[in-house]
Number of protein chains: 2
Amino acid sequence: MREGPDIARIASLVGDPARANMLNALMGGTALTASELAHEAGVSLPTASSHLGKLMEGGLLTVASQGRHRYYGLAGPQVAGMIEAITGVAEAVGPKRVRPGPRDGAMRVARVCYDHLAGEQAVAMLDRLVDKNVLVRDEQEIRLGPSAASHFAAIGIDVYTKPRRPVCRACLDWSVRRSHLAGTLGAAILDKILAEKWARREKDSRAVIFSPPGKQAFERVFLS
Amino acid sequence: MREGPDIARIASLVGDPARANMLNALMGGTALTASELAHEAGVSLPTASSHLGKLMEGGLLTVASQGRHRYYGLAGPQVAGMIEAITGVAEAVGPKRVRPGPRDGAMRVARVCYDHLAGEQAVAMLDRLVDKNVLVRDEQEIRLGPSAASHFAAIGIDVYTKPRRPVCRACLDWSVRRSHLAGTLGAAILDKILAEKWARREKDSRAVIFSPPGKQAFERVFLS
DNA sequence: CGCATAGTTCGTTCCTCATCGAAGCATTCT
DNA sequence: AGAATGCTTCGATGAGGAACGAACTATGCG
């Protein structure tokens with residue numbers, strides 16, 4: 001009967017399948033319109049609107065009106081982290097290993113996790129960066145190694161303009177069950193991958209598809 | 001309409017107030033009986049039993065039968081981490097700053113967070129350990145400093161018998177909004193505090209109450 | 001100005017699920 | 001053995017809330 005913060009309220013917001021699908025879709029990091037989210041969740045527009053209202057009221061979402069469109073996005077990294085934590089538990093307890101369909105396959109290889117890269121490619125990249133001593137891993141944590149600044153500067157990423165978020169953070173990959181790189185550095189790397197057109201976002205999915213030359217370039221820079 | 005792991009299923013388990021209260025109570029780290037959890041959640045025994053069945057089926061709880069008692073506990077650190085993540089969001093979005101009652105006050109000072117110490121005391125302790133360079137903090141992450149082994153050996157804690165869990169982890173404190181020390185080291189320190197009888201667990205609460213001499217001893221060892 | 005598109009609000013229907021009392025097992029105490 | 005305690009199962013009740021169609025508001029296009 002004790003009362004801390006109202007955890008049930010937040011959890012029940014995520015606990016509805018339609019809302020969970022919406023939040024999952026927004027884990028892609030890009031804001032989406034109400035119609036897109038309705039389609040994503042498989043419900044009618046009015047229903048979606050109602051759900052979005054509740055998520056807004058619960059503080060999990062932000063909205064930006066542009067003309068007649070309303071773009072909904074996750075309220076912040078803390079919310080994204082919560083979703084990831086829940087996803088991790090769901091993955092761990094639910095051995096629902098049923099169908100690793102084609103789209104699922106692409107998701108396993110590389111996908112967007114809020115603002116950084118996840119999947120096998122991302123895990124391999126982190127492993128390699130640790131091997132090369134560019135990053136240093138202490139158990140579950142990651143920090144910059146001595147050569148980090150020069151290494152990332154060479155590919156146009158500045159690791160020393162530090163905003164409020166940590167530069168590197170470990171994020172547990174739900175498909176590989178090992179850590180990949182999150183934080184501002186992880187976000188910067190994903191930005192570069194997309195900016196260089198090494199890979200493109202799969203439409204309506206978190207999957208990230210590398211082009212053959214893009215994959216080569218990525219491997220040369222991060223996996224060599 | 002995409003399908004990853006069934007996040008809604010897990011979230012909806014936490015999304016019921018009665019179940020949320022039970023999980024919250026179990027964040028104290030000690031296993032509780034069905035009756036205790038029923039009282040904790042403010043529901044009848046049959047209702048509690050039903051909830052416990054669902055939490056078990058969802059894989060969030062483990063149970064140990066001892067005679068006619070059944071002790072329920074959290075299924076593991078991953079589940080505890082998820083609860084903390086949800087609590088963090090709930091705390092952040094819910095400015096329900098209403099009544100910091102007496103018990104709440106004690107909770108802010110020191111409480112148990114699954115298996116380690118949280119609250120103002122815990123945050124102060126981590127700060128001091130970082131100041132003394134016993135631990136090193138990189139942004140949100142924590143690792144052992146050079147003097148860590150000898151420092152903790154002197155007070156009877158071995159940091160080098162490493163189990164599967166990380167030795168030190170940062171855990172965001174929902175009351176202070178800054179990190180405290182989790183991981184096996186955090187757990188070992190809480191064990192010592194209770195073993196030395198510097199503090200006792202408040203009955204039916206996560207609060208940890210230091211005795212006056214215990215507080216002195218704690219401050220001498222960890223805050224000096 | 002109309003017409004089309006994007007979203008929200010309203011009212012209704014329907015179903016899930018939380019709840020409790022009573023009864024049923026299991027274990028321990030005397 | 002009988003009684004008491006701890007917990008689960010069963011059945012009935014009731015409320016919250018998810019869903020959609022229809023109507024309403026707002027923005028953009030011709």
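Throughout, a chain's letter reflects where its sequence line sits, starting with A, and its residues are numbered from 1. Computation of the quantities below employed the complete heavy-atom set of this structure, encompassing side-chain atoms and omitting hydrogens, waters and symmetry-equivalent molecules.
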Practice problem: Find the distance between CG (A:Leu26) and OH (A:Tyr72) and round it off to the nearest 0.5 Å. | Solution: 11.0 Å

Quiz item: OP1, OP2 of D:dG6 versus side-chain N and O of B:Tyr72: anything below 4.0 Å?
Solution: no

Quiz item: Nearest-Å distance, CG (A:Asn21) to P (D:dA18)?
Solution: 14 Å

Self-check item: Under 4.0 Å protein heavy-atom contacts per nucleotide of nucleotides 22-30 of chain D, with B for base, S for backbone only and - for none
Solution: B----BS--

Quiz item: Can B:Thr87 and B:Met27 be said to form a side-chain contact (heavy atoms from CB on, under 4.5 Å), step by step?
Solution: CA-CA 11 Å; B:Thr87 307; B:Met27 284 296 283; over 6 Å; no

Quiz prompt | Residue list, side chain to side chain donor-acceptor pair (under 3.5 Å) with A:Ser44, at least two apart or on another chain | solution = A:Thr47

Quiz prompt | Where at least one partner belongs to residues 185-199 of chain B, residue pairs that pass salt bridge (Lys or Arg N to Asp or Glu O under 4.0 Å), sequence neighbours excluded | solution = B:Lys192-B:Glu196

Quiz item: What is the distance, rounded to the nearest whole Å, between atom CG of B:Leu52 and atom P of D:dT8?
Solution: 7 Å

Quiz item: Taking atom P of D:dG16 as reference, at what distance in whole Å does atom CG of A:Asp16 sit?
Solution: 17 Å

Self-check item: Euclidean distance, atom NE2 of residue B:His39 to atom C1' of D:dG6 [Å, nearest integer]
Solution: 16 Å

Quiz item: By side chain to side chain donor-acceptor pair (under 3.5 Å), which residues pair with B:Ser211, not counting sequence neighbours?
Solution: none

Quiz item: Rounded to whole angstroms, how far apart are CG on A:Leu45 and P on D:dA18?
Solution: 17 Å

Quiz item: Looking only at side-chain N and O atoms, does A:Thr47 come under 4.0 Å of OP1 or OP2 in D:dA19?
Solution: no

Quiz item: First and last nucleotide of DNA chain C in contact with chain A, 5' to 3', at under 4.0 Å to a heavy atom: what are they?
Solution: C:dA4 to C:dT9

Quiz item: Across the strands shown, which category fits A:Tyr71 at heavy-atom distances under 4.0 angstrom: base, sugar-phosphate, nothing?
Solution: nothing

Self-check item: Sugar-phosphate only, base, or nothing, as touched by A:Thr33 at under 4.0 Å among non-hydrogen atoms
Solution: sugar-phosphate

Quiz prompt | Matching residue for B:Ile7 among A:Asn21, A:Ile86, A:Leu23 - test: side-chain contact (heavy atoms from CB on, under 4.5 Å) | solution = A:Ile86

Could you list the donor-acceptor pairs under 3.5 angstrom formed between side-chain atoms of residues 48-61 of chain B and any protein atom two or more places apart in sequence or on another chain?
unit_1  : atom_1 : unit_2  : atom_2 : d
B:His51 : ND1    : B:Arg19 : NH1    : 3.0

Practice problem: May I ask you to decide if the ring planes of A:Phe222 and A:Trp198 are parallel, tilted or perpendicular, using 30° and 60° as cut-offs? | Solution: perpendicular

Self-check item: A:Lys54 side chain near D:dG17 phosphate (N/O to OP1/OP2, under 4.0 Å)
Solution: no

Practice problem: In whole angstrom, give the distance that lies between atom CG of B:Leu55 and atom C1' of D:dT8. | Solution: 15 Å

Quiz item: Tell me: CD of B:Glu57 to P of D:dT8, nearest whole Å?
Solution: 14 Å

Quiz item: Do A:Tyr71 and A:Thr33 have side-chain heavy atoms sitting under 4.5 Å apart?
Solution: yes

